[in-house]
Amino acid sequence: MELIITEKDNAARRIAEILSEGSAEAERRNGVNVYRWGDKRVVGLSGHVVGVDFPPEYNDWRDVQPVELIDADITKSPTKENIVQTLRELSRRADEAVIATDYDREGELIGKEAYEIIDDETDVPIKRVRFSSITEREVRDAFANPDDLDFDLAAAGEARQVIDLIWGAALTRFLSLSARQLGDDFISVGRVQSPTLKLIVDREREIEAFDPEDYWELFADLLKDGDGFEAQYFYDDDGSEAERVWDEEAANEAFERLQEASAATVTQVRRRTRTDNPPDPFNTTAFISAAGSLGYSAQRAMSIAEELYTAGYMTYPRTDNTVYPDDLDPEELLDAFTGTTFDEEAASLLEQDDIEPTEGDDETTDHPPIHPTGELPNRSELDEDEWEIFELVVRRFFATVAEPATWEHLRVVAEANDCQLKANGKRLVEPGYHDVYPYSSASENHVPDVEEGEDLVIDDVELEAKQTQPPRRYGQSRLIEKMESLGLGTKATRHNTIEKLYDRGYIEQDPPRPTTLAKAVVEAAEEFADLIVSEEMTAELEEDMAAIASGEATLDDVTDESREMLEKVFDALHESREEVGDHLQESLKADRTLGPCPECGEDLLIRKSRHGSHFVGCDGFPDCRYTLPLPSKGEPTVIDEKCEEHDLKHVKLLAGRDTFTHGCPQCRADEADESEDEVIGDCPECGEEDGGELAIKQLRSGSRLVGCTRYPDCEYSLPLPRRGDIEIEDERCAEHDLPELTVHNGDEPWELGCPICNYEEYQARQSVDDLVDLDGLGERTAEKLADVEVETLQDLQRVDADEVATDVQGVSADQIREWQAQLGAEAAD
DNA sequence: GCAAGGTC
């Protein structure tokens, strides 16, 4: 039997399809797809299936000195047991194995991981095939000319693993221990995350240090035969054109001269035609950036792309490549769009004389640039966001095969009372690719045809006082572009790194700004471990890896040298351990500080109770026991806005898409204390027996609810929205005998209706959402399941799989068992 | 529980 191993299931399926000419069949083994035909088997891994770590005796952070990690053994162990198990089983029956992982460094290492697992079971020959894209020709070619695994290249990847682990773990533990942060809130550093964080911190430092400067700009509205346009004053500044006037007196003088002038004489007219080339094919970074300008975070864009890829609508979203492979036939792909929503665009592109796609500078071997596969989803299959991203990818492909646009630029210079004025007109002559790619700006600026010597009427003159602006914060996509240019991270990890910085409490909001903790971490690293916050570390590692790959150095040469450097870092760190720890702790406190306690004047802080919930408490505890409650939902963070009345900073609750601002916790508590409960009916739980009534209540934590007046003896409650005025209507719900409620918040009033009915509907919706989170369970399947009263995760878990499979069309018992296994696994976690 | 890199 010949065993073929790929990096992922998707690649396994496609290679099996090509080599078997479509006859391959899939079977499940330990939850892993194995594609089979004749005596061939293809199995896809899931990236790395083994990981590096320290032996278990190093697990306890308090028992081990971080410095000991430098010389600790490093072990490799399976991280995907079921896949490793499947690979072992198949190996025993194989008499030949072929590694067909991705054609890049990490792919070679993943291939070596598979190699060692196979080699452990059998002595059969193990070959390696390499192809730049999974197409019939390339794959057949590669399999006809198998090669050997490149152990040097794999060793280069291993050096990275070792160095990242040692530096990351040792320094993370050191900082966390020194600041006594051992729980979930440990303080992490790493080769990629820390230089990325430093980029953000450095930019914030520039902003904080920025000293704005005053300047003035002057504008004049000019008229030609009633046709108006704006021109800007400029002057000659040592041979170059300048618009900003730095001296107020000079600005006023120019303003007066322009006001006195009745006309401006055209002294120069220059016309230029400019070609505006269509964009290059999408790599991951360019895709994230384009999605970013549509309002998607990097993380969100990638997760949608992931789904579209798995569903078969677009190619692999993680790629550095910006050159389409030879075998991508643009005409054929355009053809796939005729007769679809994109019919018009496809037809017009097909009409072009020749169709030659654009090319970027980066050509890599692992995957093609991101493009649509030609398979089209039904509009209803995708939600709005997914469709928008899909359309972006389709239109980007269109743009890369479209004609350039041409612009006509018209520059006019006029003189008035010794003042120079200029206007730059821009007109789109040939829209070219803009017709199919409406995302990039194609805005025109109208300047009429004028001739030299012509007099123009000056209609209005304006003097604008301005100030220089600090540099702008990096947005997520700018940051990813910057990381790419510095070689930080990879196409598959950059967006995760940014997400990690949010999770670690290092950055907040979007565009991200650093917390006080982040500044302290970067400062500490700059002082004692400069390499870990510098992009140099990656650059040097890249060089070392290249040396290993070419055989000029060995894995041990490189890792030993790195260990020595880290030893030196620790020598310096140990001496300053307390100083570093104190500074980190102060910063952590600063990030949680709201302002003065009204009872004792010490700081009020966001604190965590023993049960894990957050509240506002006084730093003077236990002498001062003043507290304020916080909403139970989300992760509280302190924001810049401040309550003038209580001198307390506002609190915001981070909960992904449900993020909301709580404001001043003292104000919220005061409002609740002042508000009266409003009775709306009888409590369904204890009304008959004990006379409990339902009332609309405002809690000190800022939330509102409909709850029983006998609380805490009766805990019956229904949730209400946090914001808006609640109006109690005259109509009553026939079923529950409660009034209908309307919430007034902004423009459209929300008719919430009977609070019990509303809550029941909400719960039903929630359970559908939960179900849809399972792999391969779409909204439609969820609806079908709901028809047979499988509405919640709990329902799904206890049903008889065979029974449901017979009742629900299109869902197999195996599939249901898999979902149940998935739920079991989650519960076990 | 630490990193970064794969992938879902």
Side-chain angles (χ1 to χ4, degrees), chain A residues 6-12 31-33 44-54 56 58-64 66 68-70 72 74 79-80 82-83 101-102 104-114 154 156-177 181-197 302-311 316-319 366-367 483 487-497 499-501 503-504 532 537-538 541 545 562 566 773-777 818 822 825:
Chain A
T6 68
E7 190 154 322
K8 45 191 161 278
D9 174 61
N10 231 293
V32 183
N33 286 333
L45 308 177
S46 182
H48 289 286
V49 290
V50 298
V52 290
D53 209 345
F54 301 109
Y58 291 87
N59 279 354
D60 193 326
W61 291 30
R62 274 159 303 205
D63 272 4
V64 180
E68 291 177 52
L69 295 176
I70 301 178
I74 289 181
T79 50
K80 308 271 162 60
N82 59 332
I83 298 179
T101 46
D102 290 356
D104 57 18
R105 186 176 59 223
E106 234 30 66
E108 209 69 18
L109 177 52
I110 291 165
K112 192 196 162 194
E113 291 163 11
E158 288 177 293
R160 179 199 58 69
Q161 286 185 318
V162 170
I163 290 169
D164 282 344
L165 175 65
I166 296 178
W167 281 74
L171 288 171
T172 294
R173 285 196 194 183
F174 181 89
L175 293 184
S176 303
L177 282 163
Q181 288 287 305
L182 291 189
D184 298 333
D185 303 321
F186 59 87
I187 296 173
S188 71
V189 282
R191 176 180 55 85
V192 175
Q193 60 165 288
S194 299
T196 305
L197 186 58
M302 282 309 285
S303 93
I304 294 176
E306 187 79 46
E307 277 166 41
L308 293 171
Y309 157 69
T310 324
Y316 194 63
R318 295 184 275 267
T319 176
D366 50 353
H367 299 282
M483 290 172 78
L488 294 174
T490 73
K491 71 227 169 184
T493 59
R494 288 184 196 112
H495 60 281
N496 292 337
T497 299
E499 210 55 26
K500 184 181 280 178
L501 296 179
D503 288 347
R504 296 277 193 269
I532 202 76
M537 181 161 177
T538 295
L541 180 60
M545 284 196 286
S562 183
L566 188 54
D773 275 345
L774 292 169
D775 292 339
L777 208 166
E818 210 161 289
Q822 202 180 325

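A, B, ... follow the sequence lines: proteins, then strands. Residue 1 opens every chain.
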Students often get this wrong, so: under 4.0 angstrom with heavy atoms, is [X] touching a base, only sugar-phosphate, or nothing?
X	answer
A:Val49	nothing
A:Arg173	base
A:Phe174	nothing
A:Trp61	base
A:Asp102	sugar-phosphate
A:Arg504	sugar-phosphate
A:Gly489	sugar-phosphate

Can a side chain N or O of [X] be found less than 4.0 Å away from OP1 or OP2 on [N]?
X	N	result
A:Tyr309	B:dT7	no
A:Arg191	B:dC2	no
A:Arg318	B:dT7	yes
A:Lys500	B:dA4	yes
A:Ser46	B:dC8	no
A:Gln193	B:dA3	yes

Exercise. Between the base of B:dC2 and the side chain of A:Ser188, is there any donor-acceptor pair under 3.5 Å?
Worked result: no
Problem set entry | Base B:dC8 paired with A:Asp9 side chain (donor-acceptor, <3.5 Å) | no
Expressed as a whole number of angstroms, how long is the span from [X]:[atom1] to [N]:[atom2]?
X	N	atom1	atom2	result
A:Lys8	B:dT7	NZ	P	4 Å
A:His495	B:dA4	NE2	C1'	13 Å
A:Leu197	B:dA3	CG	P	13 Å
A:Asn496	B:dA3	CG	C1'	13 Å
A:Leu541	B:dA3	CG	C1'	12 Å
A:Arg160	B:dG5	CZ	P	6 Å
A:Asp164	B:dA3	CG	C1'	6 Å
A:Met537	B:dG5	CE	P	11 Å

For this session: Please list, chain by chain and in numerical order, all residues satisfying side-chain contact (heavy atoms from CB on, under 4.5 Å) with A:Asp184, sequence neighbours excluded.
Result: none
[X] side chain, from C-beta outward: closest of [options]:
X	options	value
A:Val192	B:dG5, B:dC2, B:dG6	B:dG5
A:Ile110	B:dC2, B:dG6, B:dG5	B:dG6
A:Tyr316	B:dT7, B:dA3, B:dC2	B:dT7
A:Thr172	B:dA4, B:dC2, B:dG6	B:dC2
A:Thr490	B:dA4, B:dG5, B:dC8	B:dG5
A:Leu165	B:dT7, B:dG6, B:dA3	B:dA3

For this session: Decide yes or no for A:Val189 and A:Leu175: does some side-chain heavy atom of the first lie under 4.5 Å from some side-chain heavy atom of the second?
Result: yes
Exercise. Does a side-chain heavy-atom distance below 4.5 Å link A:Gln161 with A:Leu109?
Worked result: yes
For this session: Starting from the 5' end of DNA chain B, give me the residue, A:Asp60 or A:Glu106, whose nearest nucleotide shows up first.
Result: A:Asp60
Exercise. Can any side-chain N or O of A:Arg494 pair as donor or acceptor with the backbone N or O of A:Gly489 at less than 3.5 Å?
Worked result: yes
For this session: Ignoring hydrogens and angles, tell me if any N or O in the side chain of A:Thr101 forms a donor-acceptor pair with the backbone of A:Thr6 under 3.5 Å.
Result: no
Exercise. Does a salt bridge link A:Arg318 with A:Asp102, judged by any charged N lying under 4.0 Å from a carboxylate O?
Worked result: no
Problem set entry | Heavy-atom pair with the smallest gap, counting every atom of A:Glu68 and A:Tyr58 | O-CE2, 4.1 Å
